[in-house]
Amino acid sequence: MRTAHDILELIARALHEKELQRQREARLLAEEVEARRVFLQAARAVFTHVIMPEMERFGGILHQARMRPIVSDTGAFYLPGSSDASLVAKFALPLLRDTVSLPLSVSFEAVFPVGMAIYYGDAEAAHAGDKAAIEEVPLEDVTRDLVEDRLVRVLENHLHEL
């Protein structure tokens, strides 16, 4: 038969283990939030210094050829220090046609902890959820050349669909 002291000790030990488990979970959550925050700061830098400048440069060239590219960016809504941001940039060359067979847009999306997800899709916003194959690239591998290559693919698709 267990004594009152043994039962109280069992309860105290169980409560202590539960408290240690709660502290571990809180620490892991805090580490994940911090890692996400650091990732989003780095992703924001990639958008600001690599992706958007290349999209704007390429778009300027296309404007000279009387084409009408559309560049959109959700980065304007990112608040530094936020751990739950959605960073997406999209470049599209829409056609005034009901059906096209090739994707006429490319999107770059920051995906924690992978890096950058790149996917092609329809130029129309109504079909933006139709994601084709997704290419995942670490943030440190996203260069202006890589971005330009993806934009050229969209341009080639657009020219083919004309």
Side-chain angles (χ1 to χ4, degrees), residues 12-65 67-94 100 102-158:
R13 189 175 35 238
L15 292 175
H16 179 70
E17 288 174 9
K18 287 286 187 185
E19 179 60 24
L20 291 176
Q21 180 181 357
R22 189 197 60 75
Q23 289 174 359
R24 274 192 301 273
E25 289 171 357
R27 186 179 66 250
L28 290 174
L29 179 62
E31 289 171 359
E32 181 181 340
V33 167
E34 178 63 15
R36 186 177 299 274
R37 186 186 66 76
V38 169
F39 170 81
L40 288 172
Q41 286 178 343
R44 178 70 178 143
V46 169
F47 274 98
T48 303
H49 301 293
V50 178
I51 295 172
M52 291 310 294
E54 188 57 31
M55 283 186 176
E56 291 166 4
R57 181 190 77 83
F58 199 79
I61 294 168
L62 296 182
H63 277 293
Q64 291 174 11
M67 298 179 100
R68 301 275 186 242
I70 298 171
V71 176
S72 58
D73 172 27
T74 62
F77 304 109
Y78 171 67
L79 300 174
S82 173
S83 63
D84 58 348
S86 175
L87 296 174
V88 181
K90 181 178 180 179
F91 181 89
L93 280 170
V100 292
L102 296 172
L104 298 178
S105 75
V106 63
S107 297
F108 296 82
E109 182 176 356
V111 178
F112 177 79
V114 174
M116 198 64 62
I118 303 171
Y119 51 91
Y120 298 91
D122 195 313
E124 298 299 318
H127 302 290
D130 302 339
K131 295 180 185 176
I134 297 176
E135 175 185 3
E136 295 177 342
V137 179
L139 284 181
E140 60 272 11
D141 293 345
V142 178
T143 63
R144 289 182 83 136
D145 289 337
L146 180 135
V147 174
E148 181 185 78
D149 179 60
R150 300 325 182 263
L151 300 179
V152 167
R153 283 190 200 172
V154 170
L155 175 60
E156 289 170 342
N157 289 350
H158 179 83

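Under 3.5 Å, the side chains of E109 and Y119 contain a donor-acceptor pair of N or O atoms.
Atom CD of E135 is separated from atom OH of Y120 by 6.5 Å, given to the nearest 0.5 angstrom. Note: T48 OG1 to Q41 CD = 11.5 Å, rounded to the nearest 0.5 Å. From I118, atom CD1 reaches atom CD1 of I134 across 11.0 Å, with rounding to the nearest 0.5 Å. Atom CZ in F39 sits 12.5 Å away from atom CD in E32 (nearest 0.5 Å). Between atom CZ of residue R57 and atom CD1 of residue I61 there is a gap of 4.0 Å, rounded to the nearest 0.5 Å. For the atom pair E54 CD and R144 CZ, the distance stands at 5.0 Å (nearest 0.5 Å).
A heavy-atom distance below 4.5 Å is found between the side chains of E17 and R13. Taking the side chain as every heavy atom from C-beta outward, F58 and V152 approach each other to under 4.5 Å. For the pair D141/M116, no side-chain contact is recorded, criterion being any heavy-atom separation below 4.5 Å from C-beta on.
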**Request:** Apply the test side chain to side chain contact (heavy atoms under 4.5 Å, CB included) to residues V71 and M52: give CA-CA distance (whole Å), side-chain angles for both, the deciding distance (0.1 Å), then the verdict.
**Result:** CA-CA 9 Å; V71 176; M52 291 310 294; 3.5 Å; yes
**Prompt:** Where do V38 and F112 land on the side chain to side chain contact (heavy atoms under 4.5 Å, CB included) test, with the steps shown first?
**Reply:** CA-CA 10 Å; V38 169; F112 177 79; over 6 Å; no
**Prompt:** When you look at E19 and Q23, which way does the side-chain hydrogen bond (donor to acceptor under 3.5 Å, both in side chains) test go after all the steps?
**Reply:** CA-CA 6 Å; E19 179 60 24; Q23 289 174 359; 3.1 Å; yes
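Closest of all the heavy-atom pairs between F108 and I51 is CB-CD1, 3.9 Å. Between A43 and L139, the closest heavy-atom pair is N-CD1, 3.7 Å. Between L87 and R44, the shortest heavy-atom distance links the atoms CD1-N, 3.9 Å. The two residues R68 and L93 have their closest heavy-atom pair at C-CD2, 4.3 Å. For the residue pair L151 and M55, the shortest heavy atom distance occurs at CD1-CA, 3.9 Å.
Residues forming a side-chain contact (heavy atoms from CB on, under 4.5 Å) with L28 (at least two apart in sequence, or on another chain): E31.
Side-chain atoms of S107 do not come within 3.5 Å of backbone N or O of K90 as any donor-acceptor pair. Between the side chain of N157 and the backbone N or O of L102 there is no donor-acceptor pair closer than 3.5 Å.
Under 4.0 Å is where a charged nitrogen must lie from a carboxylate oxygen, and between R37 and E34 at least one such pair does.
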